Structures are given as C-alpha cells and as structure tokens.
Amino acid sequence: MSEQVEIVVVGAGVIGCAVAERLARAGHEVFVIEKNPGVTQGENQSSRNSGVIHAGLYYDRQQRPHKARLCVRGNRLLYRFCQRYQVPALQCGKLVVAAKQEEVPILEHYLARARDNGVPCELIPGPRAREMEPNVRAVAALHLPTSGVIDPTALVQKLYALAAGHGAQFLVQTELVEARARGQALELTIRYRDGAQDRFAAGRMINCAGLYADQVARLLEPGSPYTLDPSRGEAACFYRTKRPELWLEGMNVYPTPRRLVLKEGTYFTVGVHLTPTLEPRMQGPPVVGPVVTVGPLNLPARGREDFGGEHQPMRRFWQEVAPFFPGLREDDLQPYQVGVQARLAGHQDWVFHPDPVHPPSLHLLGFDSPALTSCLAIAEKVAGFVERGPQALAPEA
Ligand SMILES: Cc1cc2nc3c(=O)[nH]c(=O)nc-3n(C[C@H](O)[C@H](O)[C@H](O)COP(=O)(O)OP(=O)(O)OC[C@H]3O[C@@H](n4cnc5c(N)ncnc54)[C@H](O)[C@@H]3O)c2cc1C
C-alpha cells in the first residue's frame with residue numbers, strides 16, 4: 001500500500017463493521033484493519049455477549065446521554081435491519097421483576113426513566129407477569145415489549161458482507177501498531193501475521209478497537225486521559241426442555257436493578273438475567289431455542305484477554321436468580337461462555353473523542369453494553385462526524 005486511503009477503521013467487531021458499512025454505503029473509501037484471524041473469528045466482545053436487544057430502560061439522559069438516545073434509536077434501526085437482511089432476531093419482550101414489595105419503588109423509578117427516554121414500558125401486577133412467564137416469582141414487573149434477542153455473530157457477518165459489497169476492504173490478521181500525524185494526513189504502520197510491516201497514509205482513522213481502544217488512542221496521543229477497566233462477564237445456561245416445569249416461554253427476565261457500592265464507586269447493575277437463545281429455521285423468523293442463558297456475573301477482568309480459566313461455581317448463578325425464578329436448581333446449570341467488556345474507568349457513558357493531535361480522527365472509547373443494540377445508531381453518529389464535523393457528536397445532534 002502506498003497511496004493515501006480516505007478512512008481507516010481499526011477493529012472489525014460489530015461497531016467497526018457497522019461504521020464501515022455506513023461509510024462505504026455513502027461512497028467513502030474505507031479500509032478496515034482487524035488483528036483477529038477473521039471477522040467474528042477470535043476473541044472480542046461482539047461474539048461473546050448476551051445477545052439482548054435492549055429497549056433503553058437503564059440509561060439516564062443526564063449522566064449517560066449517548067447510551068440513553070442511541071440505544072432507543074439503535075433498537076428501532078436494528079429490528080428493521082434484521083428484518084430486511086434476515087438476521088436472526090426476535091422481539092420477545094422483557095420482564096424486569098420485583099420479587100419483593102420493597103423493590104416496587106425501584107421499578108417505579110425506572111418506569112419514569114423509560115417514559116423520559118421514550119421507551120415503551122408498563123408496570124404490571126405479579127399475576128399478569130406470571131401469565132407471560134409462569135415460573136417467575138413477581139409481586140410486580142416492568143414489561144418492555146421492544147426488548148428482544150439477536151444472533152450477534154450473524155449480525156456482524158451481515159454488516160461485514162454489506163460493507164464489503166459497498167467496496168470496503170478488510171485486512172484481517174493485521175494489527176495497527178503505530179500512528180503519526182503528518183500534516184493533514186496520518187501515517188499508519190500495520191503488522192501482518194508473519195511479522196512483516198507496512199506503512200501507508202490515511203485521511204483519518206476511526207478507532208473501533210473495543211478492548212484496545214485506549215491503547216490505539218495512545219498511539220496518536222500518548223497523553224490520552226482514557227483508560228479501560230475491563231470487566232469479565234461469565235454466563236451459565238440451562239435447557240428449558242429438560243424440565244417441563246421449568247419452562248421459560250421465551251422472554252428476557254431480569255431482576256430489579258441493584259445498587260453496588262464498590263471501592264471505585266457506586267454502580268447500578270442490571271443483574272444476572274435469563275435470556276433465551278434463538279434457533280434458526282430454514283424459512284421465516286427464528287424460534288426460541290432450548291438453551292436459556294443465565295448471566296452475566298460481572299467480575300474484574302484479569303487482563304483484556306481474560307476469556308479462559310475456571311468458571312464461578314454454578315451456586316453463585318443460582319443464588320442470583322433463585323429469588324425471581326425459584327424453580328431453577330443448582331444442578332440445572334452448566335457453564336456457558338465468558339466475555340470481557342470494555343468499560344471505561346471513571347465514565348458511565350460512551351466517549352466519542354476526536355483526536356486532539358489529528359482532529360479528523362475519532363476514538364470510540366468504553367463502548368460496553370448496550371453497544372450491540374445501538375451499533376447502527378452509533379455508526380450514524382460517526383458518519384455525521386465524518387460528513388458534518390464534531391458538532392454531530394453532541395448527544396442531542
Ligand atoms: C458479557 C457481555 C455481555 C454483553 N451483552 C450485551 C447485550 O446483551 N446487549 C448489548 O447491546 N450489548 C452487550 N454487550 C456489549 C457489546 O457486546 C459490546 O459493546 C460490543 O460488542 C462492542 O463492539 P466493538 O466492535 O466495539 O468491540 P469488539 O467486538 O471487541 O471489536 C473490537 C475489534 O478491534 C480489534 N482490534 C483491537 N486492537 C486492534 C489493533 N491495534 N489493530 C487491529 N485490530 C484491533 C479486536 O481484535 C476486535 O475484533 C455485552 C458485552 C459483554 C462482554
């Protein structure tokens with residue numbers, strides 16, 4: 001490569017692929033650099049998550065304005081996209097359950113937030129919740145009809161295929177190892193699998209490097225203030241077909257959000273939840289499959305590649321869900337998967353950070369959940385930055 005390319009996207013997870021698709025469709029010249037052996041091959045967040053299409057309930061507009069807006073818009077765009085391109089997804093809805101009377105005021109608080117965010121949501125009595133999911137223990141619940149589930153790998157593959165169809169070029173097993181501003185342009189150094197390196201010029205870089213986004217930002221701006229604090233999310237599962245009395249109809253079932261006070265600060269956790277998986281069919285939309293995932297149990301990650309090692313005992317998952325799904329037994333559960341999430345230390349919202357050294361370049365930092373749900377809205381925002389400038393990054397733009 002020797003000539004200058006217009007836009008380099010670093011990372012081919014769901015965000016990099018969505019950004020590449022959006023920009024290539026608009027006629028931009030796009031190169032995507034991915035260090036994994038292939039798109040959705042190898043470890044990243046986009047292939048190891050819960051696959052929930054979030055409605056947008058949890059994020060307050062004051063402290064998390066990007067998540068609040070982009071999740072609601074992303075939810076709508078994603079269903080349309082999945083229908084158009086036959087990506088397996090199901091709008092199965094979600095219950096957020098109060099197992100005890102003391103939890104009901106918390107649901108009322110979230111109901112007000114849902115209304116503020118424009119999220120369809122209803123507070124329903126326990127018996128109505130049990131008509132929807134008979135095995136749930138609930139004195140009341142929030143019902144969110146726009147929540148759902150998706151096959152995340154199929155989504156990334158479709159975005160990749162569409163981006164490539166619009167002319168985006170993907171270089172896999174290729175890592176960005178150096179970036180320097182040279183006047184208006186960037187000089188980028190990439191390393192191939194065999195260790196050989198290449199250098200080329202680009203008009204701008206969009207950093208969608210997920211768990212490595214802070215390191216990629218430091219290639220250009222060594223003093224970048226952003227540091228990721230990755231979190232390990234473990235999931236277990238059970239077969240809803242093995243014990244008929246345990247049958248889950250196929251909704252997402254969440255506990256009432258809880259406040260966690262840790263040494264780094266106070267967090268709200270959506271909690272360990274039950275999420276159906278999808279079974280594709282030869283024709284028509286997918287159906288709910290036999291496996292129900294239970295997770296994630298969030299733990300501090302022992303590094304950015306903390307995908308292996310021992311699972312937490314199944315007892316811990318069981319203890320989390322037993323209060324609102326009492327039929328489950330500890331021995332119904334088995335380990336499912338581990339994912340690592342790109343949380344940004346000291347920030348609750350996603351950060352879109354135009355590079356101070358090379359302002360046409362943009363870093364996407366801390367794109368944790370619900371970034372899968374929001375990927376198409378995030379890509380729209382990035383396209384706004386490329387086409388109209390940094391004012392397009394304001395949350396309300
Ligand atoms: C356990 C868990 C559960 C989750 N559940 C949900 C959910 O239910 N719903 C939801 O909406 N979201 C969920 N999320 C969040 C969602 O999965 C992520 O926010 C989203 O996948 C982030 O995508 P990404 O493209 O930014 O990152 P990634 O998928 O991590 O992709 C980044 C890519 O950049 C590449 N890369 C990094 N550095 C370089 C470099 N120097 N050169 C070249 N390539 C590089 C990496 O190899 C990687 O492929 C969950 C996440 C986890 C971990």
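First listed ligand is number 1; within each ligand, the first listed atom is number 1. Bear in mind that the values here come from a model prediction, so they are computed numbers and not experimental data.
- Neither the backbone nor the side chain of L364 has a heavy atom within less than 4.0 Å of ligand 1.
- Between H358 and M205 the shortest side-chain heavy-atom distance does not fall below 4.5 Å.
- Close approach to G11 involves these atoms of ligand 1, each under 4.0 Å from a residue heavy atom: 33 (C), 34 (O), 35 (C).
- At under 3.5 Å, not a single nitrogen or oxygen of A12, backbone or side chain, sits near a nitrogen or oxygen of ligand 1.
- Summary of contacts: the protein heavy atom closest to atom 31 (O) of ligand 1 is G13 CA, 3.5 Å.
- Partner of R343 under the side-chain contact (heavy atoms from CB on, under 4.5 Å) criterion, chosen from L211, N298, L228: N298.
- A distance-only check finds a donor-acceptor pair linking the side chain of R243 to the backbone of G327 [under 3.5 Å].
- Ligand 1 places these atoms under 4.0 Å from at least one heavy atom of R48: 1 (C), 2 (C), 52 (C), 53 (C).
- Geometric assessment of R304 against the ring of Y212 yields a positive cation-pi assignment under the 6.0 Å and 45° thresholds.
- At a heavy-atom distance under 4.0 Å, only side-chain atoms of V10, from C-beta outward, approach ligand 1.
- In the vicinity of F367, heavy-atom distances shorter than 4.0 Å reach the ligand 1 atoms 18 (C), 19 (O), 22 (C).
- Under a 4.0 Å criterion applied to the non-hydrogen atoms of S46, ligand 1 contributes the atoms 21 (O), 23 (O), 24 (P), 25 (O), 28 (P), 29 (O).
- Of the listed residues (V270, L372, N207, N298), the one carrying the non-hydrogen atom nearest atom 10 (C) of ligand 1 is L372.
- Electrostatic pairing of K67 and D368 counts as a salt bridge here, judged by a charged N lying under 4.0 Å from a carboxylate O.
- Not a single N or O atom of Y212, backbone or side chain, sits closer than 3.5 Å to an N or O atom of ligand 1.
- Centroid-to-centroid, the aromatic rings of Y226 and H347 come within less than 6.0 Å.
- Atoms of ligand 1 found under 4.0 Å from any heavy atom of K35, numbered from 1 in the order shown, are 36 (N), 37 (C), 38 (N), 39 (C), 43 (C), 44 (N), 45 (C), 47 (O).
- Residue-to-ligand polar distances place L176 within reach of ligand 1: an N/O pair is separated by less than 3.5 Å.
- At the top of the distance list for atom 37 (C) of ligand 1, counting protein heavy atoms only, stands A209 O, 3.4 Å.
- A salt bridge between E279 and R281 is absent, with no side-chain N of the basic residue lying under 4.0 Å from a carboxylate O of the acidic one.
- The protein atom (non-hydrogen) at minimum distance from atom 5 (N) of ligand 1 is S50 N, 3.2 Å.
- Using a 4.0 Å cut-off between charged side-chain N and carboxylate O, K242 and D332 make no salt bridge.
- E380 pairs with exactly one of R388, R73, R22 by the salt bridge (Lys or Arg N to Asp or Glu O under 4.0 Å) rule, that one being R73.
- Between the side chains of N75 and T373, no donor-acceptor pair is found at a separation under 3.5 Å.
- Which parts of ligand 1 touch V52 is read off a 4.0 Å heavy-atom cut-off, strictly below it: atoms 7 (C), 8 (O), 9 (N), 10 (C), 11 (O).
- The existence of a salt bridge linking R113 and E108 is excluded, since no basic side-chain nitrogen approaches an acidic carboxylate oxygen closer than 4.0 Å.
- Nearest-heavy-atom check against atom 17 (O) of ligand 1 across V172, V32, L297, N49 picks out N49.
- Listed by chain and residue number, Y254 satisfy the ring pair (Phe, Tyr, Trp, His ring centres under 6.0 Å) test with H273 (two or more places apart in sequence, or in another chain).
- Any N or O atom pair closer than 3.5 Å counts here, and I15 shares at least one such pair with ligand 1.
- For atom 13 (C) of ligand 1, the closest heavy atom belonging to the protein is S369 OG, 3.4 Å.
- Within the listing of ligand 1, atoms 40 (C), 41 (N), 42 (N), 43 (C) sit less than 4.0 angstrom from a heavy atom of E175.
- We find the OG-CG distance between S147 and L57 to be 9.5 Å, quoted to the nearest 0.5 Å.
- Of the heavy atoms in V216, only side-chain atoms (C-beta onward) come closer than 4.0 Å to ligand 1.
- Under 4.0 Å from ligand 1, the heavy atoms of C208 that appear belong solely to its backbone.
- In terms of N/O distances under 3.5 Å, ligand 1 is approached by Q45.
- What sits closest to atom 35 (C) of ligand 1 on the protein, heavy atoms only, is E34 OE1, 3.4 Å.
- Those atoms of ligand 1 with a heavy atom of T174 less than 4.0 angstrom away are 43 (C).
- Between F170 and Y160, a ring centre-to-centre spacing shorter than 6.0 Å is recorded.
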